[in-house]
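Everything below concerns the one structure shown next.
When reading the values below, keep in mind they use all heavy atoms of this one structure, side chains included, and skip hydrogens, waters and symmetry mates.
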Amino acid sequence: MLEIESVDQGSIADQLELCCGDFLLAVNGEEVHDQIDYELLLRGEALVLDIEKQDGQLWELDFEKDEDEPLGLHFGASSPRQCRNLCQFCFVRQLPDGMRDSLYVRDDDYRYSYLYGAYISLTNLSEEDVSRILRQQLSPLYVSVHATDKTVRSSLLGRPVESPIPLLKRLIAGGIQLHTQIVLCPGVNDGAVLDQTIDALAALYPEIQTLAVVPVGLTGHRHALPKLQRFTAEQCREVITLIETKQQCFIRQCGSRFVFAADEFYLQGQVDFPDLADYEELHQIENGVGLVALFRHEEQEVLAEPANYSDCRMGIVTGRSAAGELSRFSQRFNQHTGSRLQVFVVDNHFFAGGVTVAGLLTGHDIVEQLQGQKLPDILLIPDMMCREGQDVLLDDMTLEGLAETLHVEIAKIPPSPWGIADFVAYYQDVTA
């Protein structure tokens, strides 16, 4: 059964008088164990819900709805299964002490892969899990491969594991589609190992739909972890050359590029980015693949629209990685609209090492580096800096607290050209 955490006002569930604290026991006679059961059972039009109310009453609710119409029920997230691997590159194992407990959770849960696109290693699956995936067609799944060679993969994952290929083939034979990734570590799974891994996974296309290659992220808090190196600019260019050569081969063979390099390789290697169309369906954009190309595409759309924001003076906070793109866009946007956007680049002292992405900035680093500067009246914060659905930064500083400390107004926005332009237009309207 699932405990109801909230009910959308005006929704079907609200009309049925379901409340926070009630329990959903079954749908159409099928017991509901987790969010996956709920979503799969809800696809029909005629539904019967078995409910246990807070006072212990048992209700049976019989009704019809449109097939895709949501009920408006929300449940608390189930605790994810813990990862049993000791990966050399695991970011969680590189976190400093003193952060909130949830940040130290190393999950490896197929349910989170299906529901939220989280990557799993396949090393944490029981036979019962595999049977359920196949029976309920939990597809697509997102799989961290890293290497198909058994010895290399065991070294990377920190314990003896098998090659993932047999299990990948079993899932594929059962109708499951997959997206895959490789976290690339210099001198470990690059070079010939990368070449072999890409070919082994491409042989399973189209059921394995995409493969993302992302560089290892290293903080300054690795302590007793195995020594790993960051990619040099030259090594980044070598990775890009290998991947783009593979892409041309795969385009001829199967009509898809299949494998994609993360944006970070192009930034560090100072290599021109591919066109947006070269990223195809952008399936790996949440993995940092194609973000810059999409940003530049939106930039052209925004700058094609006539606008005058001569009274607008705002600041945009970002990390070192995105600074170049945001600065270039802001300059062009200012020239086009008469606005005065400023980009404030904040270095990541909290994580140290080579962490430069905006999504891992903390409130304390922002305060430390911006306090005392001449700031505009309003500061824009990319929404990926905050917990999902909340105005809380990674170190638990709230946006309200940040605003009070810096004596500015804070606004959370999508970190895209349209996100910036839409907020500027909105702010201009409400302050006119």
Side-chain angles (χ1 to χ4, degrees), residues 80-95 104-110 112-113 117-125 141-169 171 178-204 208 210-232 235-236 238-240 242-243 246 258-262 264-265 268 284 286-289 351 353-355:
R81 293 186 185 178
Q82 300 298 297
C83 182
R84 297 179 296 174
N85 302 319
L86 296 172
C87 297
Q88 295 185 32
F89 51 80
C90 176
F91 196 82
V92 176
R93 298 177 70 206
Q94 303 178 64
L95 295 180
Y104 298 98
V105 174
R106 295 187 299 119
D107 61 278
D108 192 10
D109 195 321
Y110 73 93
Y112 277 56
S113 184
Y119 276 88
I120 57 173
S121 67
L122 298 181
T123 63
N124 203 27
L125 293 178
L141 293 178
Y142 296 78
V143 179
S144 290
V145 176
H146 310 314
T148 51
D149 177 86
K150 175 181 175 179
T151 302
V152 176
R153 194 167 196 248
S154 295
S155 175
L156 284 165
L157 270 57
R159 68 188 184 94
V161 296
E162 298 297 323
S163 168
I165 293 297
L167 184 49
L168 290 172
K169 288 182 176 180
L171 293 171
L178 304 160
H179 295 282
T180 56
Q181 74 165 359
I182 294 169
V183 174
L184 202 61
C185 304
V188 182
N189 61 337
D190 57 350
V193 176
L194 176 61
D195 190 306
Q196 186 271 333
T197 300
I198 293 173
D199 286 347
L201 296 175
L204 301 178
I208 294 183
T210 61
L211 168 61
V213 181
V214 302
V216 61
L218 304 176
T219 77
H221 304 273
R222 289 186 59 80
H223 306 305
L225 294 174
K227 187 175 182 179
L228 292 174
Q229 300 295 326
R230 297 182 182 88
F231 277 94
T232 65
Q235 287 172 324
C236 287
E238 290 173 0
V239 171
I240 291 169
L242 172 61
I243 289 175
K246 293 285 187 184
F258 177 71
V259 59
F260 303 90
E264 196 66 23
F265 283 114
Q268 291 187 31
Q284 295 276 4
E286 296 296 329
N287 221 347
V289 178
F351 286 106
V355 177

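No side-chain donor-acceptor contact under 3.5 Å links N189 and T197.
Atom CG in L184 sits 5.0 Å away from atom CG in D190 (nearest 0.5 Å). The distance from the OG1 atom of T148 to the CD atom of Q196 is 3.5 Å, given to the nearest 0.5 Å. Annotation: the span from E162 atom CD to K150 atom NZ amounts to 4.0 Å, rounded to 0.5 Å. F258 contributes atom CZ, which lies 7.5 Å from atom CG of L204 (distance to the nearest 0.5 angstrom). Expressed to the nearest 0.5 Å, how far CG of N287 lies from NE2 of H179 amounts to 11.0 Å. The structure places OG of S144 at 8.0 Å from CG of D108, a figure rounded to the nearest 0.5 Å.
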Next item on the list: Could you give me the CA-CA distance, side-chain angles and deciding distance for Q88 and C185, then say whether side-chain contact (heavy atoms from CB on, under 4.5 Å) is met?
Entry: CA-CA 9 Å; Q88 295 185 32; C185 304; 5.9 Å; no
Next item on the list: Please report the C-alpha distance between D195 and K246 in whole Å, then the side-chain angles of each, then the deciding distance to 0.1 Å, and finally whether the side-chain contact (heavy atoms from CB on, under 4.5 Å) criterion is met.
Entry: CA-CA 9 Å; D195 190 306; K246 293 285 187 184; 3.0 Å; yes
Check: Stepwise, does the side-chain contact (heavy atoms from CB on, under 4.5 Å) test hold for R153 with S163?
Finding: CA-CA 7 Å; R153 194 167 196 248; S163 168; over 6 Å; no
Margin query: Between L167 and L125, does the side-chain contact (heavy atoms from CB on, under 4.5 Å) criterion hold? Intermediate values first, please.
Written below: CA-CA 10 Å; L167 184 49; L125 293 178; 4.1 Å; yes
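You'll find the side chain of N124 stays beyond 4.5 Å of the side chain of D109, heavy atoms only. Between R230 and V216 there is no side-chain heavy-atom pair separated by less than 4.5 Å. A 4.5 Å side-chain heavy-atom check between L122 and L168 finds at least one atom pair inside the cut-off. Proximity of Y110 to R81: side-chain heavy atoms (C-beta onward) are separated by under 4.5 Å at one or more points.
Exactly one residue among V152, I198, T151 makes a side chain to side chain contact (heavy atoms under 4.5 Å, CB included) with V193. That residue is V152.
In this structure a side-chain-to-backbone donor-acceptor pair under 3.5 Å is present from R106 to N85. In this structure a side-chain-to-backbone donor-acceptor pair under 3.5 Å is missing from T180 to V143.
The two residues A262 and P215 have their closest heavy-atom pair at CB-CD, 3.9 Å. When every heavy atom of H146 is checked against every heavy atom of V183, the shortest pair comes out as ND1-N, 3.1 Å. For the pair F89 and Q94, the tightest heavy-atom approach, listed with the atom from each and the gap, is O-NE2, 3.2 Å. When every heavy atom of F265 is checked against every heavy atom of V213, the shortest pair comes out as CE1-O, 3.3 Å. When all heavy atoms of L95 and F351 are compared, the pair lying nearest together is CD2-CE2, 3.3 Å. The nearest pair of heavy atoms linking T123 to R84 is O-NH2, 2.6 Å.
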